[in-house]
**Student:** 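Let me begin by handing over the structure; questions about it come next.
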Amino acid sequence: MGIGSLFRRKKKDKKEEVEECHIDINSDDCDGCEKCIIACPNNVLMLKDDITAVRDPQVCKSCKVCMAICPNDCITVN
Ligand code: SF4
Ligand code: SF4
């Protein structure tokens with residue numbers, strides 16, 4: 001807490017503005033195999049109601065590993 005934490009928060013907000021990542025998941029084609037969830041190095045994805053959902057888009061690095069591994073071509077990252 002205190003001044004130090006205020007500075008850290010400001011810096012984080014600035015970083016989030018710069019690193020924009022958009023993840024689209026076609027939930028109609030997702031069969032919940034979890035391959036993308038397991039493969040994501042940043043723990044961005046999660047299973048929700050048996051389909052993949054985005055847990056935290058702020059930590060996505062746009063590496064597109066999830067796109068590459070999905071057998072149903074459900075994921076688009078840009
Ligand atoms: S693009 Fe990379 S970091 Fe982002 S959700 Fe997919 S695997 Fe995770
Ligand atoms: S890899 Fe594709 S089909 Fe499997 S859970 Fe992820 S989005 Fe769904």
Side-chain angles (χ1 to χ4, degrees):
M1 287 307 190
I3 291 172
S5 62
L6 281 176
F7 276 117
R8 273 196 296 277
R9 187 181 298 167
K10 206 168 184 180
K11 192 174 175 186
K12 190 173 174 239
D13 287 347
K14 194 174 178 184
K15 192 179 175 192
E16 284 166 2
E17 281 172 25
V18 174
E19 291 178 11
E20 282 189 22
C21 172
H22 190 79
I23 307 163
D24 278 323
I25 298 168
N26 181 347
S27 54
D28 289 339
D29 291 341
C30 175
D31 60 13
C33 72
E34 298 188 45
K35 286 181 179 172
C36 58
I37 296 168
I38 294 163
C40 175
N42 298 306
N43 199 22
V44 175
L45 306 169
M46 60 181 274
L47 207 63
K48 187 177 178 188
D49 297 329
D50 294 329
I51 58 170
T52 290
V54 179
R55 184 186 64 80
D56 186 358
Q58 304 291 351
V59 294
C60 175
K61 302 298 182 194
S62 302
C63 68
K64 301 187 179 179
V65 166
C66 54
M67 272 180 69
I69 206 163
C70 177
N72 300 336
D73 291 331
C74 298
I75 305 176
T76 307
V77 179
N78 51 42

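Ligands are counted one by one from 1 in listed order, and the atoms in each one are counted from 1 as well.
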**Student:** Roughly how far, to the nearest 0.5 Å, is SG of Cys33 from CD1 of Ile51?
**Tutor:** 12.5 Å

**Student:** Are Asn43 and Arg55 packed together at the side-chain level, in the sense that at least one heavy-atom pair is separated by less than 4.5 angstrom?
**Tutor:** yes

**Student:** Relative to the heavy atoms of Asn42, which atoms of ligand 1 are at a distance of less than 4.0 Å?
**Tutor:** 3 (S)

**Student:** Contact between Asn42 and Asp56 at the side-chain level, heavy atoms closer than 4.5 Å - yes or no?
**Tutor:** no

**Student:** Just jot down the ligand 1 atoms closer than 4.0 angstrom to any heavy atom of Cys60, in number order.
**Tutor:** 1 (S), 3 (S), 4 (Fe), 5 (S)

**Student:** Hey, does Val44 have a side-chain heavy atom less than 4.5 Å from the side chain of Pro57?
**Tutor:** no

**Student:** Can you name the nearest heavy-atom pair linking Cys60 to Val77, along with the distance?
**Tutor:** SG-CG1, 4.5 Å

**Student:** Run the numbers for me: atoms of ligand 1, each under 4.0 Å from some heavy atom of Lys64, listed by number.
**Tutor:** 1 (S), 2 (Fe)

**Student:** Could you give the side-chain donor-acceptor pairs of residues 63-76 under 3.5 Å, partners two or more places apart or in another chain?
**Tutor:**
from  : atom 1 : to    : atom 2 : distance (Å)
Asn72 : ND2    : Asp29 : O      : 3.1
Asn72 : ND2    : Asp31 : OD2    : 3.3

**Student:** Just to be sure I understand the cut-off, which residues have at least one non-hydrogen atom under 4.0 angstrom from an atom of ligand 2?
**Tutor:** Cys30, Asp31, Gly32, Cys33, Glu34, Lys35, Cys36, Thr52, Cys70, Pro71, Asn72, Cys74, Ile75

**Student:** Atom NZ of Lys35 and atom CG of Leu45: how far apart are they, to the nearest 0.5 Å?
**Tutor:** 15.0 Å

**Student:** For Cys63, counting its heavy atoms only, list the atoms of ligand 1 lying under 4.0 Å from any of them.
**Tutor:** 1 (S), 2 (Fe), 3 (S), 7 (S)

**Student:** With a 4.5 Å cut-off on side-chain heavy atoms, are Met46 and Thr52 touching?
**Tutor:** no

